There are 2 protein chains.
Amino acid sequence: MYAAAQPKEQAEDVAPTQIAGPHLVATYRAGREIYAEGDLIEKCYQVSTGAVRVYRLLSDGRRQVVSFHFPGEMFGFEAGLSHCFFAEAITETTLAVFGRRQMQERSRDLLALALTGMARAQQHLLVIGRQCAVERIAAFLVDLCERQGGGRQLRLPMSRQDIADYLGLTIETVSRVVTKLKERSVIVLRDARTIDIMKPDALHSLCN
Amino acid sequence: MYAAAQPKEQAEDVAPTQIAGPHLVATYRAGREIYAEGDLIEKCYQVSTGAVRVYRLLSDGRRQVVSFHFPGEMFGFEAGLSHCFFAEAITETTLAVFGRRQMQERSRDLLALALTGMARAQQHLLVIGRQCAVERIAAFLVDLCERQGGGRQLRLPMSRQDIADYLGLTIETVSRVVTKLKERSVIVLRDARTIDIMKPDALHSLCN
DNA sequence: CGTTCATTTGAGCCGATTCAAAGCCCGTGG
DNA sequence: CCACGGGCTTTGAATCGGCTCAAATGAACG
C-alpha cells in the first residue's frame with residue numbers, strides 16, 4: 001500500500017522500511033523530489049538526516065523557497081487536499097514518514113506545528129518585505145545557526161541559488177554580501193559552504 | 001474577568017457584550033489596537049464588520065503588514081504564549097471574541113485555520129519575494145476581490161501606506177502602479193479607496 | 001475658508017539586478 | 001600525476017526598478 005502511493009520515478013531512490021511501530025523511513029538522494037505541487041497530501045515527514053527545501057515556482061521559472069528543514073523538523077502538512085509546493089532533498093536525506101492515521105492521532109501536535117509554521121512564514125515575510133540584502137543574509141545565518149545548535153561553525157547544505165531564492169535575492173547579491181561580511185571579519189569561510197561566525201553580536205545587530 | 005483582561009487604554013473603545021452562549025462581541029474604532037506584541041494570547045477573533053490589519057515592526061519603524069482580515073475571517077491565534085504581532089482595527093470594526101475554552105473545544109477547526117494561515121503567508125512570500133511591483137498590486141487586488149465576493153467593484157478599507165507595508169513597497173510606488181493600471185484602463189477609480197475592475201482577465205494575467 | 005491628512009506626481013538617486021567573464025573545486029580519464 | 005570538463009561561486013561593469021525627497025493636488029471636516 002505504501003509502495004503503491006509512491007510516484008514511480010522515485011521508486012529507485014526511496015527505500016521505505018517498516019520500523020518498530022509508528023512510521024516508515026525513506027531515503028532520498030541529493031536533488032530528489034519528495035512531493036510535487038498537485039500531489040495529494042497523504043503523509044507528513046520528519047527529517048532524520050540531511051536537509052530539505054520546500055518551494056514554489058512561477059510560470060516563468062522564478063522560484064521562491066518557502067522553508068528549509070533540518071534534522072528533527074517536520075514538514076509536509078498543508079491546507080487542502082493537495083500540495084501547493086514542491087519538496088526536495090538538498091543533500092542525501094533520510095525521513096521518517098507519517099501516514100494519515102498517525103497525523104490524525106497527533107492532530108494536537110499538528111496544531112502546534114502548523115502554528116509555528118505560520119509564525120516562521122510570517123517572520124520571513126518581515127525579512128523579505130522590509131529588510132535589505134545584508135539584513136536578510138544576517139537573519140538567515142542567525143536563524144540557521146540557532147537551528148543547528150548555536151555553535152560558531154555553520155554548515156550550509158544548500159547552494160547560493162537556494163539561499164537567493166529563499167531570501168528573494170540573486171546568487172550574485174548573496175555572494176557579494178557574504179564577501180562583505182568576510183571583509184568586515186564578521187564571518188570566515190572555510191569553504192563556500194562552511195562558515196565560522198567570528199562576531200555573533202555584530203551579526204545579530206545586522207538583523208535589526 | 002473579561003474587563004480585567006482588557007488593556008486600560010481600550011476600555012473606552014471596547015464595548016464587550018455577552019451574547020447568547022459561546023462568545024462576546026467587541027467594537028473598535030478606526031485605528032484602535034486589538035492586541036499588541038507581547039500581550040498574552042488569550043482569545044481569538046472573528047471579524048463581523050469592518051477590517052483588521054496584523055503587522056510587525058522593526059526597531060527603526062519599518063513595518064510589515066502580515067495580513068488583512070475581513071468579515072467572516074478569524075485571526076489572533078499564534079504559536080507560543082504571547083503575541084508576536086500587533087492587530088488594529090482599520091475602520092470601525094466589530095469582532096466576535098472567543099476565549100481559551102472555546103479555542104480548546106474548537107481545536108480541530110483551529111488546525112484548519114492555522115494551516116490556511118500558513119498557506120496564505122507562504123503564498124504571500126512568493127509575491128513579495130519574487131514578483132515586481134505591478135504583479136504584487138495585481139495579486140493584491142485579485143485576492144481582495146475574491147475575498148469580497150468576486151464582484152467587479154472593490155472597496156479598499158486600508159490606506160496606501162497599509163497596502164505598501166503589506167506588499168513590501170512604498171506608498172509612492174503603490175500610487176504610481178495604480179495610476180498605470182488606470183491608464184491602461186484595467187481599473188477605474190471612483191475615489192482613492194473604491195476601484196472598479198474593468199478587465200479582470202488582464203488583471204489576472206498580470207499576477208503571473 | 002483654512003487646516004489637516006491622504007494621495008498623487010515629479011526628479012534624481014541608489015541598491016540590487018543583469019549580463020558577462022573569470023576563478024575554484026572536484027571528479028574523471030588519460 | 002596532470003589535463004580536462006562541468007558545476008558552483010565569485011567578481012566586475014552597466015542598467016534599471018523602486019526608493020527618497022520634495023512639492024502639488026485632493027478630500028474631509030470643523
Side-chain angles (χ1 to χ4, degrees), chain A residues 29-31 53 58 60-65 90-92 127-141 155-184 187-195 206 208, chain B residues 29-31 53 58 60-65 90-92 127-141 155-184 187-195 206 208:
Chain A
R29 292 208 216 110
R53 64 176 162 253
L58 289 173
D60 60 0
R62 280 176 289 178
R63 186 179 72 152
Q64 178 64 44
V65 172
I90 295 176
T91 57
E92 170 122 1
V127 173
I128 286 189
R130 284 294 175 225
Q131 300 197 220
C132 68
V134 196
E135 294 171 325
R136 293 186 206 191
I137 301 277
F140 174 70
L141 293 178
R155 175 80 201 152
L156 306 177
M158 70 291 287
S159 68
R160 294 290 186 269
Q161 187 64 65
D162 288 333
I163 299 174
D165 288 345
Y166 180 67
L167 296 176
L169 300 169
T170 59
I171 20 173
E172 294 95 332
T173 302
V174 171
S175 183
R176 276 185 257 267
V177 169
V178 167
T179 302
K180 209 160 281 174
L181 292 176
K182 215 168 50 183
E183 285 167 0
R184 296 192 217 162
I187 59 173
V188 169
L189 293 198
R190 288 182 188 280
D191 60 90
R193 307 255 184 135
T194 316
I195 296 182
L206 282 175
N208 223 293
Chain B
R29 291 207 218 108
R53 63 176 163 253
L58 289 174
D60 61 359
R62 281 175 287 177
R63 186 178 73 153
Q64 178 65 45
V65 172
I90 295 176
T91 57
E92 170 121 1
V127 173
I128 285 187
R130 284 296 176 222
Q131 299 197 219
C132 68
V134 196
E135 293 171 326
R136 293 186 207 190
I137 302 277
F140 174 70
L141 293 178
R155 176 79 201 153
L156 305 178
M158 70 291 286
S159 69
R160 294 289 186 270
Q161 188 64 64
D162 288 333
I163 299 174
D165 288 344
Y166 180 66
L167 297 175
L169 300 169
T170 59
I171 18 173
E172 294 95 332
T173 301
V174 171
S175 183
R176 275 186 257 268
V177 169
V178 167
T179 303
K180 209 160 281 174
L181 291 177
K182 216 168 50 182
E183 285 167 0
R184 293 193 220 162
I187 60 174
V188 169
L189 293 199
R190 288 183 188 279
D191 62 89
R193 307 252 184 139
T194 315
I195 295 181
L206 282 176
N208 222 295

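Here is the naming used below: chain letters follow the sequence lines, and residue numbers restart at 1 for every chain. Predicted model only: the values in this text are computed from it and were never measured.
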Sugar-phosphate, base or nothing in reach of A/Leu189, heavy atoms under 4.0 Å: sugar-phosphate
B/Leu167/B/Thr173 under side-chain contact (heavy atoms from CB on, under 4.5 Å): CA gap, chis, key distance, verdict: CA-CA 10 Å; B/Leu167 297 175; B/Thr173 301; over 6 Å; no
Close side-chain approach of A/Leu181 to A/Leu141, heavy-atom, < 4.5 Å: yes
Spacing of B/Arg130 atom CZ relative to D/dG17 atom C1', expressed in whole Å: 15 Å
Whole-Å gap separating C1' (D/dT9) and CG (A/Leu156): 13 Å
Any side-chain heavy-atom pair of B/Arg184 and B/Leu206 under 4.5 Å: yes
Those residues of residues 169-183 of chain B lying under 4.0 Å from DNA chain C by at least one heavy atom: B/Glu172, B/Ser175, B/Arg176, B/Thr179
A/Arg193 vs D/dT9: side-chain N/O to OP1/OP2 distance below 4.0 Å: yes
Nearest-nucleotide 5' precedence on DNA chain D, B/Gly168 against A/Ser159: A/Ser159
Beyond-backbone contact of B/Arg62 with A/Asn208, side-chain heavy atoms, under 4.5 angstrom: yes
Nearest heavy atoms of B/Phe140 and B/Met158, plus distance in Å: CZ-SD, 4.0 Å
Rounded distance in Å - CG (A/Asp165) to C1' (D/dT9): 15 Å
Atom-pair distance (CD1 on A/Ile128; P on D/dG18), nearest Å: 16 Å
Where chain B begins and ends its contact with DNA chain C, read 5' to 3' at 4.0 Å from heavy atoms: C/dA6 to C/dA11
Close side-chain approach of A/Asp165 to B/Arg130, heavy-atom, < 4.5 Å: yes
Min side-chain heavy-atom separation B/Val177-B/Arg136 under 4.5 Å: no
Interatomic distance, B/Ile163 CD1 vs D/dG18 C1' [rounded to whole Å]: 17 Å
Between D/dC19 (C1') and B/Leu167 (CG): distance, integer Å: 15 Å
Side-chain donor or acceptor of B/Arg160 paired with backbone N/O of B/Ala192 under 3.5 Å: yes
Minimal non-hydrogen separation, B/Arg155 against B/Pro157, with atom names: O-CD, 3.2 Å
Atom-to-atom span, CG of A/Asp191 to P of D/dT9 - whole angstrom: 10 Å
